[in-house]
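As the structure is a computational prediction, the values presented were derived from the model and not from experiment. In what follows, every heavy atom counts, from backbone to side chain, and hydrogens, waters and symmetry copies are set aside. All residue numbers in this chain count up from 1 along the given sequence.
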Amino acid sequence: MARLIGKLIGLIINIIMIPIVIVLVIPMGVLKARRAKKSRLLFTGEEQALLAKAQRAINMENNGLLSPDRDLLEVARCIEDARCDYQIIKNRERFDASFSEFVLPKIEECQVMDWDNVISYFELSRFLSSDSHHEVPSVQNLLRALQNYIAGYKNEHGFHPKTVMLDHNVHMMFAHAGIYRNGNHYFGETEIIPVANIEGGATWQAVDPAPASDRFDNFDDDIPF
């Protein structure tokens with residue numbers, strides 16, 4: 001008899017719990033579905049894949065099991081920060097730019113030594129059109145172009161430039177890549193000077209020496225020798 005009463009009480013409890021569970025589960029399911037829908041609206045499938053790659057690199061660093069490449073980690077953190085900023089902006093105001101359009105300029109500002117590796121890992125080529133101004137040259141391409149510029153200067157003037165002003169961001173890329181290490185003579189006797197802003201927005205520019213006829217123009221002719 002006691003066993004029968006126990007089973008009956010258990011059945012009654014289960015019957016009472018059914019509507020409670022339904023009441024709790026349905027709102028949670030609706031909320032989860034809304035979040036998923038909102039996420040799909042904010043980020044395309046390709047953008048979600050980009051975010052997943054960034055989060056994977058950050059998790060690797062946080063777990064300490066395997067440290068990712070420095071360039072990949074820096075770009076991954078940039079992408080994650082951009083995601084947070086993008087979601088805040090979208091929730092606060094109307095903002096029509098896609099996440100890829102929002103994050104690419106921020107990625108460009110990262111100090112990266114090997115852009116080819118970064119573009120390959122994050123598959124950034126999916127977000128870059130063939131005529132896009134967001135394509136970032138690698139250090140080796142920039143180095144080769146600057147060497148060609150110095151060689152072209154010699155062909156035109158008959159001597160290498162003594163000094164070349166170099167965009168500060170490119171200078172930092174060269175520094176991180178070890179271009180200026182002792183024993184590396186990529187630029188011969190030409191001195192490289194980093195400059196924040198070069199006239200005309202150029203990446204580099206040679207500083208022309210004063211013409212021989214003007215070399216002593218600044219001296220006072222009245223000074224006795």
Side-chain angles (χ1 to χ4, degrees), residues 67-79 81-82 100-101 103-225:
S67 180
D69 178 82
R70 188 200 70 84
D71 290 344
L72 300 183
L73 182 59
E74 179 168 346
V75 174
R77 288 171 175 166
C78 172
I79 292 171
D81 290 343
S100 56
E101 293 172 333
V103 73
L104 283 176
K106 297 181 181 296
I107 293 176
E108 284 185 357
E109 297 175 1
C110 295
Q111 298 296 333
V112 172
M113 292 185 290
D114 189 350
W115 280 108
D116 290 337
N117 184 39
V118 168
I119 292 174
S120 174
Y121 176 81
F122 290 105
E123 299 183 76
L124 296 179
S125 57
R126 295 182 300 178
F127 307 104
L128 303 173
S129 61
S130 58
D131 58 346
S132 174
H133 67 282
H134 290 300
E135 294 194 40
V136 183
S138 67
V139 170
Q140 291 301 320
N141 288 340
L142 286 168
L143 175 61
R144 192 177 303 111
L146 179 52
Q147 289 174 323
N148 290 338
Y149 173 79
I150 292 174
Y153 185 96
K154 181 183 179 182
N155 291 336
E156 181 178 351
H157 297 86
F159 51 86
H160 288 104
K162 183 177 181 180
T163 304
V164 168
M165 296 185 297
L166 180 65
D167 178 80
H168 178 74
N169 291 328
V170 177
H171 166 74
M172 293 300 297
M173 292 171 64
F174 283 175
H176 283 302
I179 301 299
Y180 303 120
R181 289 174 186 164
N182 292 335
N184 291 343
H185 302 289
Y186 291 108
F187 309 116
E189 299 299 324
T190 299
E191 182 181 5
I192 304 298
I193 299 177
V195 178
N197 294 296
I198 301 177
E199 185 178 357
T203 305
W204 45 66
Q205 182 176 326
V207 180
D208 293 328
S213 59
D214 299 335
R215 190 167 298 169
F216 301 103
D217 286 352
N218 292 330
F219 287 98
D220 191 336
D221 295 338
D222 295 332
I223 297 178
F225 292 95

J.: Considering only distance and modelled atom types, tabulate donor-acceptor pairs under 3.5 Å from the side chains of residues 71-79, sequence neighbours left out.
T.:
| unit_1 | atom_1 | unit_2 | atom_2 | d |
| --- | --- | --- | --- | --- |
| Asp71 | OD1 | Met113 | N | 3.3 |
| Asp71 | OD2 | Met113 | N | 3.2 |
| Asp71 | OD2 | Asp114 | N | 3.0 |
| Glu74 | OE1 | Arg70 | NH1 | 2.9 |
| Glu74 | OE2 | Gln111 | N | 2.9 |

J.: Counting N and O atoms only, with roles assigned by atom type, does the side chain of Tyr149 sit under 3.5 Å from a partner on the main chain of Ala206, one being a donor and the other an acceptor?
T.: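 Yes, the answer is positive, given that a donor and an acceptor are paired below the 3.5 Å cut-off.
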J.: Tell me every residue that passes ring pair (Phe, Tyr, Trp, His ring centres under 6.0 Å) with His157, counting only those two or more places apart in sequence or in another chain.
T.: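 For His157, the residues satisfying ring pair (Phe, Tyr, Trp, His ring centres under 6.0 Å) (neighbours in sequence not counted) are Tyr153.
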J.: Which heavy atom of Phe187 sits nearest to which heavy atom of Leu146, and what is that distance?
T.: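 Shortest heavy-atom separation between Phe187 and Leu146 comes out as CE2-CD2, 3.4 Å.
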J.: Specify the closest pair of heavy atoms between Lys106 and Ala82, including all atoms of both residues, with the distance to one decimal.
T.: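 It is CD-CB, 3.8 Å.
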J.: If you look at every heavy atom in Ile150 and His160, which pair is closest and at what distance?
T.: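 Closest heavy-atom pair between Ile150 and His160: CG2-CD2, 3.6 Å.
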J.: Please determine whether the number of non-hydrogen atoms from other residues, nucleotides or ligands lying under 6.0 Å from atom CG of Asn197 exceeds 12.
T.: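 For Asn197, atom CG is not crowded (no more than 12 foreign heavy atoms under 6.0 Å).
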J.: Quick one: list whatever passes salt bridge (charged side-chain N to carboxylate O under 4.0 Å, His left out) with Glu123, sequence neighbours left out.
T.: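 By the salt bridge (charged side-chain N to carboxylate O under 4.0 Å, His left out) rule, Glu123 matches Lys53.
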J.: Could you list the residues that satisfy side-chain hydrogen bond (donor to acceptor under 3.5 Å, both in side chains) with Ser100, not counting sequence neighbours?
T.: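 Ser100 satisfies side-chain hydrogen bond (donor to acceptor under 3.5 Å, both in side chains) with Glu47, Ser98 only.
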J.: Nearest 0.5 Å please: distance from the CG atom of Leu142 over to the CG atom of Asn169.
T.: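 One finds 11.0 Å between CG of Leu142 and CG of Asn169.
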J.: Going by the rule side chain to side chain contact (heavy atoms under 4.5 Å, CB included), which residues pair with Thr163 if we only count those two or more places apart in sequence or in a different chain?
T.: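 Expected list: Glu191, Ile193, Val207.
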J.: Looking at every heavy atom in both Met165 and Ile198, which two are closest together, and how far apart are they?
T.: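 In terms of heavy atoms, the two residues are closest at O-CD1, 3.6 Å.
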J.: Can any side-chain N or O of Thr203 pair as donor or acceptor with the backbone N or O of Asp167 at less than 3.5 Å?
T.: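 Judged by distance alone, no pair lies under 3.5 Å.
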J.: Going by the angle between their ring planes, with limits at 30° and 60°, are Tyr180 and Phe174 parallel, tilted or perpendicular?
T.: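 It falls in the perpendicular class, over 60°.
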